[in-house]
Amino acid sequence: ACGGNQGNPTSEAGASGAATGAAEPTKELAGDVKVDGSSTVAPLSTAAAELFAEQQAKVRVTVGTSGTGGGFEKFCNGETDISNASRPIKDEEKAACQAKGITYEEFTVANDALTVVVHKDNTWATCLTVEQLKKIWEPGSKVSSWKQVDAKFPDEPLKLFGAGTDSGTFDYFTDVINGEEGASRTDYSPSEDDNVTVQGVSGSKGGLGYFGFSYFEENADKLKAVQIDGGGGCVAPSVQSAQDGTYKPLARPLFIYPKAESLKRPEVLGFVEYYVANHKQIAEDAKFIPLNAQQEGELKADLDKLKSQAGG
Amino acid sequence: MIARELPAAFDPVFTLENLSVFYGDYEAVRGVDMRIAPREITAMIGPSGCGKSTVLRCLNRMNDLIPGARIAGKITYHTEDLYGDHVDSIEVRRRIGMVFQKPNPFPKSIYDNIAYGPRVNGLRKGLDEVVEQALHRAALWDEVKDKLKQNALALSGGQQQRLCIARAIAVKPDVILMDEPCSALDPIATSKIEDLMQDLAKEYTIVIVTHNMQQAARVSDRTAFFTAEVDKEGVRHGRLVEFDATSRIFTNPADKRTEGYITGRFG
Amino acid sequence: MIARELPAAFDPVFTLENLSVFYGDYEAVRGVDMRIAPREITAMIGPSGCGKSTVLRCLNRMNDLIPGARIAGKITYHTEDLYGDHVDSIEVRRRIGMVFQKPNPFPKSIYDNIAYGPRVNGLRKGLDEVVEQALHRAALWDEVKDKLKQNALALSGGQQQRLCIARAIAVKPDVILMDEPCSALDPIATSKIEDLMQDLAKEYTIVIVTHNMQQAARVSDRTAFFTAEVDKEGVRHGRLVEFDATSRIFTNPADKRTEGYITGRFG
Amino acid sequence: MSAPAMTKTRTLVLARRGIPWGDIVFKWLLRVCLAIAVAFLVTLLVYVVYKGWSRLDPRLWENFPSIRRPERAGAKSALFGTLWVISLTAVFCLPVGILGAIYLEEYADPDRWYNRMIELNIANLAAIPSIVYGILGLGVIARGFGFGTTILTASITLSLLVLPIVIIASREAIRAVPSSIRQASYGLGATKWQTISRQVLPAAVPGMATGSILALSRAAGEAAPLLLLGGLTYVAYVPDGVLSGYTVLPIQIYGWISQSREAFHDLSSAAIVLLLIVIIAMNSIAIFVRNRAQKRW
Amino acid sequence: MTAPATPSAPASPQGPLGRARSRYGERTVQVVLVAAALVSVATTVGIVVSLVPPTVEFFASVSFAEFFTTTQWAPLFEPPAYGVLPLVTATLLITVIAVVVAIPLGLGAALYLSEYAHPRTRMTFKPILEVLAGVPTVVYGFFALRFVTPTLQGWLPAGMSPDVFNALSAGLVMGIMIVPTVASLSEDAMSAVPRGLRDGAYALGSSTRLVAVRVVVPAALSGIVASFVLAISRAIGETMIVAIASGNKPELSFNPLDAMQTMTGFIAQAGSGDLPTASLDYKTIFAVGALLFLITFVMNLISARLVRRFREVYE
Ligand SMILES: Nc1ncnc2c1ncn2[C@@H]1O[C@H](COP(=O)(O)OP(=O)(O)OP(=O)(O)O)[C@@H](O)[C@H]1O
Ligand SMILES: Nc1ncnc2c1ncn2[C@@H]1O[C@H](COP(=O)(O)OP(=O)(O)OP(=O)(O)O)[C@@H](O)[C@H]1O
Ligand SMILES: [Mg+2]
Ligand SMILES: [Mg+2]
Ligand SMILES: O=P([O-])([O-])[O-]
């Protein structure tokens, strides 16, 4: 497994080089920055925190993994400074924040390609259509064998693994596949912990699961990614296909939501600035899919806005 | 047995009047009357379970510590009601020392064992002398003077028991109660303790419980013989059968049960 | 004491030759020689810690159960070496029963207590008769015949001890060993047990340890007097001082230490 | 009178009657039971040491966790977090536990309904699942008292969790002090508190120490309640106060097990070895103290 | 013995036995001690207070009938389902596996240590068993997932090969975890059987096995059973092993080779996700917690009963 990681073109030297390169003459900052939320985004924010710590040793960033929904709950309760999210904030969460008088920014910091994975020895399921996925995952589905998915497939028992209900991943997947957020069959092993899916799928020949692209990247030696046919033919998840929008409908943006109040504290502001300024490096370092040109432009604009606010 | 002349009239140290002792609902001892003379050795004998220890423990209110134990009747200490409202049982125990069946030194140094009583009674200075005196008095000084800092548990059984006596003496009590002080000891240690008791009786009033009739005969001035009687409901109660000069009890007891016990016909 | 005519020559049930018993490195008993006669009551007396119980427990190999305990010298049971290689200690204990100081009935019914021994020895049928016989023999039948299914712990101390004797009898042993069987009992219960012992001695060989000299004098045919001697290194060892007909031991002992103990000068 | 035959001629009456197979098999079965339990422990230890061997070096306790570079990650923050949480837990639960035990053993009248209720209550608490304490900590301490997900909350929660163990062990220790010691003290005119503080407690210290250490080692290994108390967090600093955020070794281990990269699993094995060293060390101290104390009376 | 010079005049009592000094210190101490003892009561109150209100609210929205009789547990799905039975059966199944492992092993080990082993052996093995009790449960979970499951997958025939996450390994490992609870408490109960009973049995010609089986075990029975009850409580309440190794799949199944979710597993999963406090989802945690509390509470009451009876056996 380590070999696979080391084979990744992202070099640490590059990352830290970029970081130092981007750094303006920095003043010493100190304080705590509490980040929580999406477990999908957590590795990204953790990577950001690690890199940031090389510059600002006295700023202590903690990253929790409560899931997108759980993160917003804490965030809107005033317990955290930044919330990670693998989907945009929902209306009821907005309302909860408003009720507590909490205002925030939204930054898109990377892309993800929700990856449907199967066992290495699965030779049949190279490409699945959205309809087939729906057939498998819709509420009340009784599909228990691959043969029921497609008559051409062998009669191998289907073992399902997926995201925990508290996660943005779950919300997103159920939304785009089953047509309604939260609607899913329930007789599978859900987990906040994506390793469960890795272990589960790599351990059962008939296994099928889904999670963020970075987990697939890390475990490409154990799992196989399925191509998705969202109407425009089979497309494999990749940096390229996620950035150019051909990986449909499972490509999605990832967000961080810093609290406006917290951004008044220099250490939080410093961290967010660093995060946004080095987003590409951080994404590559954490094996995420960096923003495309258009997203990057928007992010730059957002950052400038933020800086001007902080300055003024 | 060494008969000594006993005063017929005396100011009793303890006066027990119709004393009954209860453990919860069980009346362990019933209707005891006794007058214990000063600076004498009074022995209590009788078969197992007849209430000797029970009566002894009433004399310094050790029974207060047993949940459910209480007395009826009256015990007077000199002129004071021992169970009167104003009486502080802690003060009682300071005045009336006790030595137990099994030597029970604290797991501390010899010195600290002896000094414990004076310390809890507020003495801070002059402890060294108190300790030395008490050990002298208990005929233990020569054996331990070089190892006062050593753990008392390292002493032999007989030495431990003498240590316990020294510890009781160190708080300068009026009375020393002893509950079978020699039953865990070998003959040599026993005879040392017996000598010590006779010596202490010059200054202290001593009450001793013993199973060993020979011991009672050897050391005591007066002897109380207890036995257990079964009442109509089949419940056993301890009773005082006879209380008299030791010489009389062992040669010419008034009660047949005493005689039966002394001559070994039962018990 | 009831002097009965004792045979001078007999086929001994046990022959102890130069028996020493060790607990680990400690030699608790040293160099005992004894010949125990059949169908008599042999008493062992002596001060506490002199090794009476230790010797008694060697006779049915109960000491095997104490880690570190072992013997030197030889014990012969009839003609067999009790500690021989071929000997099964379980078989030994079946033949040589034992009654302990504290009555120790199993927390089961009276019936199951008595039936336990026959059952572990493989008896399945005719248990009822065995139980009844044993209880008769132990003079307990009349008191318990209506409550055989009742828990044995509900019996009084004296009844419990007789139950333990009945339990020992039920396996039809040759010998019954008793270690202070009455020390936890009141005088009435004691005298019942003593009567029972004398009765049992018509059939069984009985060895009894007692602290109570009067008891030894009352019930036993022969008496062994043990004491503890301190050797040069200051270690105490139990020794057999004198072993003779009880009548002789109590009237005309050969050894001065025996006399001192008997007359209560120590112990 | 039918005495058993006692003739000189019978021999070998005491000989064994056949090989006692039942006894032999039974004894071996029991041995096997013990052996399985011990073999399991050995396997477990060998396995984690083997798995974690490559990471058992100073990186483990000198480095902070890293999600990007498992080969450089360490458990420094978790190790210090554990030390903080355990120390604070000791500060909370030992005095309360020991004093409570003194009350129950020396002062409480066991016939009173309220004392019986306290006792029953403690026995109950001892067996309540630790995750329920997590719910308590979350609802009452973190949110109710507003202590948040801090070392303080974690320590209070763990203190409550192990309090019954401390109380029960301390009571045993106090009860094991022979009553003759108490009697001797009272017999010399000591008051109750003098007797307890000068005789009973010093004599009970070894037993109480054993129980306390075992309780604390339980707390050191506990993860479930802390899962609910914000323990599952990337923390890359050494806590500097009771209101600091934290992570502890069991949580860090859980976090790493939850990672999918094998390197993290090796790392978690190494951290397990570290945690086991902490816990076995605490256990050994307890056993040592106990064995020394056994030679007392 | 020489009589004292003046036999008649006793030492006059040295002042009255009463004491002016009132012992305030003693009272203060007692108040402090009572306060310490009451912390445990406060803990229970705290647990009840934190469990009951959300549970009551939960049952305002979800009927008892649905909670206890339906068989689908999907509180966080759309549409939600609140049949707690799958969690309960998973808890029971895993507990049963654990108990089947722990009771024979624990009892066997206890019997060996108390009846057969040399004191030195006992001194060595009791601490080793205690180490087993001291191993953090995360470690057991890790071991179950990473060692026991692969081993089982290797050993068992293909048709019986367990899932990656399964109840069997979680149960087996949990069984080992509670062996010390059974062994050490049973051993205590057995050593508490008076020596006299054993001596009595040996003196009747019993072998060690018969003494153990016919005398010691029956006499210590309530203590032994109490140790079982406590071990079962621990198994029911154990969280990390199941969270790591049994999968979190709430499905009504009695096949130990399947993945399943226990009550504790659900609380850990949902609780660490930190749901919105006002939501019904959040209250679900408390409802399950309350059920868990209730089950262990009842178990404890039973065990307390047994222990009390055990204490009364010999006197
Ligand atoms: N703490 C107690 N609670 C209840 N009953 C007790 C208690 N202590 C003693 N007894 C009972 O009171 C009676 C008298 O006991 P006590 O100990 O005074 O007898 P004793 O004459 O000293 O006997 P021994 O010679 O065996 O010491 C006995 O029946 C005993 O069982
Ligand atoms: N299990 C044991 N381990 C070590 N030493 C023992 C053991 N049992 C007895 N002893 C020692 O052996 C010596 C003899 O003990 P034993 O019990 O045989 O004496 P005893 O004459 O029966 O005394 P008592 O009249 O008090 O019962 C004593 O010094 C005792 O301390
Ligand atoms: Mg007494
Ligand atoms: Mg003896
Ligand atoms: O943890 P999530 O990104 O799936 O919310």
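In this text the structure is predicted, and so the values were computed from the model without any measurement. Naming: A, B, ... by sequence-line order, numbering from 1 per chain.
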Heavy-atom pairs under 4.5 Å with chain E - which of [options] has more of them than the others?
{"options": "C/Val120, C/Val99, C/Ile96", "value": "C/Val120"}
{"options": "C/Leu65, C/Asn151, C/Asn60", "value": "C/Leu65"}
{"options": "C/Met98, C/Met62, C/Glu91, C/Lys108", "value": "C/Met62"}

Whether [X] side chain and [Y] backbone form a donor-acceptor pair below 3.5 Å:
{"X": "C/Arg93", "Y": "C/Arg61", "answer": "yes"}
{"X": "E/Ser206", "Y": "E/Val211", "answer": "no"}
{"X": "C/Gln160", "Y": "C/Asn104", "answer": "no"}

So, the part of E/Arg120 with a heavy atom under 4.5 Å from chain C: the answer is neither
Side chains of C/Asp199 and C/Arg137, heavy atoms from C-beta outward: is any pair under 4.5 Å?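 Heavy-atom side-chain distance check passes, below 4.5 Å.
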Counting only heavy atoms closer than 4.5 Å, note whether [X] contacts chain E via side chain, backbone, both or neither.
{"X": "C/Pro105", "result": "backbone"}
{"X": "C/Phe100", "result": "side chain"}
{"X": "C/Leu177", "result": "neither"}

On the six-membered ring of C/Phe106, is C/Arg167 placed so that its NZ or CZ lies under 6.0 angstrom from the centre and within 45° of the ring axis? yes
Assess C/Lys149 against C/Tyr111: is NZ or CZ under 6.0 Å from the centre of the six-membered ring, and within 45 degrees of the ring's axis?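 Judged by the rule (NZ or CZ under 6.0 Å from the ring centre, within 45° of its axis), C/Lys149 counts as positioned above C/Tyr111.
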